[in-house]
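First up is the structure itself, then whatever we jot down about it.
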Protein chains: 2
Amino acid sequence: MSLNNNWIDRAMEEIEKFRDYIKEKGLRNTPEREIIIEEIFSTHDHFDVDELFLRMRNKKKIVSKASIYRTIPLLVESGLIKEVFFEDGHLHYEHIYGHKHHCHLRCMCCGRNLEFSDDEIEKIQKQIGKKYGFVITSHRFELLGYCPQCAQRQGVQKAYRPSGKVRGKSAKSN
Amino acid sequence: MSLNNNWIDRAMEEIEKFRDYIKEKGLRNTPEREIIIEEIFSTHDHFDVDELFLRMRNKKKIVSKASIYRTIPLLVESGLIKEVFFEDGHLHYEHIYGHKHHCHLRCMCCGRNLEFSDDEIEKIQKQIGKKYGFVITSHRFELLGYCPQCAQRQGVQKAYRPSGKVRGKSAKSN
DNA sequence: ATTATTATTGAGACTCATTTTCAATGGTAT
DNA sequence: ATACCATTGAAAATGAGTCTCAATAATAAT
Ligand SMILES: [Mn+2]
Ligand SMILES: [Mn+2]
Ligand SMILES: [Zn+2]
Ligand SMILES: [Zn+2]
């Protein structure tokens with residue numbers, strides 16, 4: 001009944017969903033894939049491949065990056081996770097199975113990332129879809145700005161970098 | 001007074017704005033930079049670096065990609081263009097100077113890309129900002145789905161690719 | 001105009017996230 | 001057992017974007 005157990009139950013539920021997907025697609029489930037899912041759902045955090053790989057390595061759950069890269073598309077297709085767009089030039093993901101849809105509010109300065117929901121957005125989506133005859137399947141709504149803390153010590157006026165890419169910042173070992 | 005002349009006038013206006021920006025930043029204007037701006041504003045199309053480079057090359061306006069990559073941040077900073085997020089794994093841009101803010105409605109199947117404006121979005125932005133104490137400077141709102149044409153011949157159910165990246169699709173010469 | 005200063009340019013090397021190749025391994029079904 | 005073929009890890013490949021460097025050119029100072 002502990003918090004810890006909740007996480008485990010949670011991951012189990014996701015793994016079950018994944019097994020179904022794998023089966024109906026005629027693919028094969030593997031320990032590597034289950035380890036990956038387990039780790040992803042062991043926290044609520046958004047993640048990128050490198051972070052995930054390191055988290056796993058720290059726990060001695062070694063799976064090659066290639067397999068991580070190969071598993072992620074399956075998780076997206078099966079509706080367990082989805083892409084989240086940050087401004088640092090590579091993809092991030094978050095789990096969505098069992099989460100309600102939400103949008104993000106991000107600080108351009110410190111990277112702080114809040115989630116919020118707003119029903120208006122859904123209405124607008126429906127409305128615009130009708131107007132243009134599109135079948136809309138999803139949306140991305142992100143608010144960018146400065147968090148309370150960063151808003152104060154302003155004047156930091158960072159120069160624009162494509163996608164926020166900053167060279168030599170990712171000192172993550174491989 | 002021809003349409004053609006309008007484009008030229010248009011580019012002139014942008015170039016003027018750029019010259020100001022360059023000057024106040026203590027940088028130098030160059031023929032290369034003006035050629036790039038001229039080409040960008042010669043159509044209303046969204047573009048990526050490669051497309052721009054090829055468009056220019058076709059018109060014998062040769063500027064290195066390095067210079068294009070170096071000029072784009074200046075154009076973004078000066079408020080002439082901004083990033084647009086597509087699903088093909090690299091950055092696209094659009095001009096905004098003289099355009100009103102708009103969001104995008106994109107077909108996941110054929111890539112068709114419509115623009116629309118909605119005042120509600122602005123209200124929500126303000127509202128959420130207040131709620132969380134953020135100073136919001138911008139937003140991204142994109143609707144993803146299928147255009148009328150593609151919605152019909154459905155079942156195309158494409159497999160997910162990170163950022164929609166498809167290897168071996170960019171047969172653009174370098 | 002000359003000269004000094006320093007930003008800019010093009011080529012090509014480089015980085016890094018992601019993809020692909022390939023040989024070895026291992027499920028699954030008959 | 002045997003055949004079939006999806007999956008894996010390691011390493012090579014890819015490609016958008018960045019950086020280095022020597023040559024050039026815009027601007028400022030004389
Ligand atoms: Mn989220
Ligand atoms: Mn647009
Ligand atoms: Zn912040
Ligand atoms: Zn379409």
Side-chain angles (χ1 to χ4, degrees), chain A residues 18-19 21-37 47-54 56-57 61-74 76 83 85-93 159-174, chain B residues 18-19 21-37 47-54 56-57 61-74 76 83 85-93 159-174:
Chain A
F18 184 72
R19 284 183 181 139
Y21 177 77
I22 282 303
K23 185 162 293 178
E24 78 185 17
K25 251 217 146 182
L27 302 177
R28 295 172 189 165
N29 198 9
T30 67
E32 286 82 1
R33 285 172 177 171
E34 300 216 342
I35 289 174
I36 292 168
I37 299 175
F47 65 93
D48 64 30
V49 169
D50 237 58
E51 286 162 9
L52 182 59
F53 176 75
L54 293 179
M56 291 173 63
R57 195 172 64 175
K61 307 203 164 181
I62 309 298
V63 174
S64 73
K65 271 190 189 170
S67 286
I68 294 177
Y69 274 111
R70 282 184 289 229
T71 299
I72 281 178
L74 298 175
V76 174
E83 289 181 346
F85 292 88
F86 277 43
E87 294 72 30
D88 62 355
H90 63 266
L91 284 170
H92 291 241
Y93 298 89
Y160 165 78
R161 294 278 156 205
S163 289
K165 193 168 292 191
V166 176
R167 197 41 91 66
K169 247 313 184 48
S170 59
K172 303 171 185 173
S173 60
N174 194 22
Chain B
F18 184 71
R19 284 183 181 139
Y21 177 77
I22 282 301
K23 185 163 293 178
E24 77 185 20
K25 252 218 146 183
L27 302 177
R28 294 169 189 172
N29 198 9
T30 67
E32 286 82 1
R33 286 172 177 172
E34 299 216 342
I35 289 173
I36 292 169
I37 298 174
F47 65 94
D48 63 30
V49 168
D50 238 56
E51 286 163 10
L52 182 59
F53 177 75
L54 292 180
M56 291 173 64
R57 195 172 62 174
K61 305 201 166 184
I62 308 298
V63 174
S64 73
K65 270 189 190 171
S67 286
I68 295 177
Y69 273 112
R70 283 184 288 227
T71 299
I72 281 178
L74 298 174
V76 174
E83 291 181 346
F85 293 87
F86 277 43
E87 294 73 31
D88 61 356
H90 62 266
L91 284 171
H92 291 242
Y93 298 89
Y160 164 79
R161 294 280 158 205
S163 290
K165 193 168 292 188
V166 177
R167 199 40 94 66
K169 245 313 185 43
S170 58
K172 304 166 183 173
S173 59
N174 193 21

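In what follows, every heavy atom counts, from backbone to side chain, and hydrogens, waters and symmetry copies are set aside. Note on naming: letters A, B, ... go to the chains in the order of the sequence lines (proteins, then strands), and numbering restarts at 1 for each one.
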Rounded to the nearest Å, what distance is computed from the NZ atom of residue A/Lys25 to the C1' atom of nucleotide D/dA6?
13 Å

Rounded interatomic separation in angstrom, taking CD1 from A/Ile36 and P from D/dT7:
12 Å

hbond_proxy B/Arg70 side chain to D/dG17 base (donor-acceptor, 3.5 Å cutoff)
no

Take the protein atom CD1 of A/Ile72 and the nucleotide atom C1' of D/dT8, then report the distance between them rounded to whole Å.
16 Å

Can you measure A/Lys61 atom NZ to D/dG9 atom P for me and round it to whole angstrom units?
15 Å

Restricting to nitrogen or oxygen on both sides, can you table the protein-nucleotides 24-27 of chain D pairs closer than 3.5 Å?
from, atom 1, to, atom 2, distance (Å)
D/dA26, N3, B/Arg28, NH1, 3.4

Candidate nucleotides C/dT18, C/dG10, C/dT21, ranked by approach to the side chain of B/Ser64 - the nearest
C/dG10

Quick note, B/Tyr69 side chain, CB onward, closest among C/dA17, C/dA11, D/dT18 is D/dT18

Drop me the distance from B/Ile37's CD1 to B/Phe18's CZ, to the nearest 0.5 angstrom.
4.5 Å

To the nearest 0.5 Å, what is the distance between CD1 on A/Ile36 and CG on A/Leu74?
9.5 Å

Could you write out each protein N or O paired with an N or O of nucleotides 1-3 of chain D at a distance under 3.5 Å?
none

Mind checking if B/Arg33 touches a base, just sugar-phosphate, or nothing, with heavy atoms under 4.0 Å?
sugar-phosphate

When you measure from the side chain of B/Glu34 to the backbone N and O of B/Pro31, does any donor-acceptor pair fall under 3.5 Å?
no

About how many Å separate CZ of B/Phe47 and CG of B/Leu54, when rounded to the nearest 0.5 Å?
13.5 Å

Under a 3.5 Å distance rule, please check whether A/Arg33 uses its side chain to pair with a backbone N or O of A/Arg28 as donor and acceptor.
yes

Nearest whole angstrom, please: distance from the C1' of C/dG12 to the CD1 of B/Ile68.
16 Å

Please report the distance, rounded to the nearest Å, between NZ in B/Lys65 and P in D/dC19.
17 Å

First locate atom CZ of B/Arg57, then atom NZ of B/Lys65, and finally report the distance between them rounded to the nearest 0.5 Å.
8.5 Å

When rounded to the nearest 0.5 angstrom, what is the spacing between CD1 in A/Ile35 and NZ in A/Lys61?
6.5 Å

CG of A/Asp88 to CG of A/Asp48, rounded to nearest 0.5 Å, is 7.0 Å

d(CG, B/Asp48; P, D/dG15) in whole Å:
14 Å

CZ of A/Arg19 versus C1' of C/dT28: gap in Å, rounded?
16 Å

In terms of the angle between their ring planes, are B/His92 and B/Phe86 parallel, tilted or perpendicular, with boundaries placed at 30° and 60°?
parallel

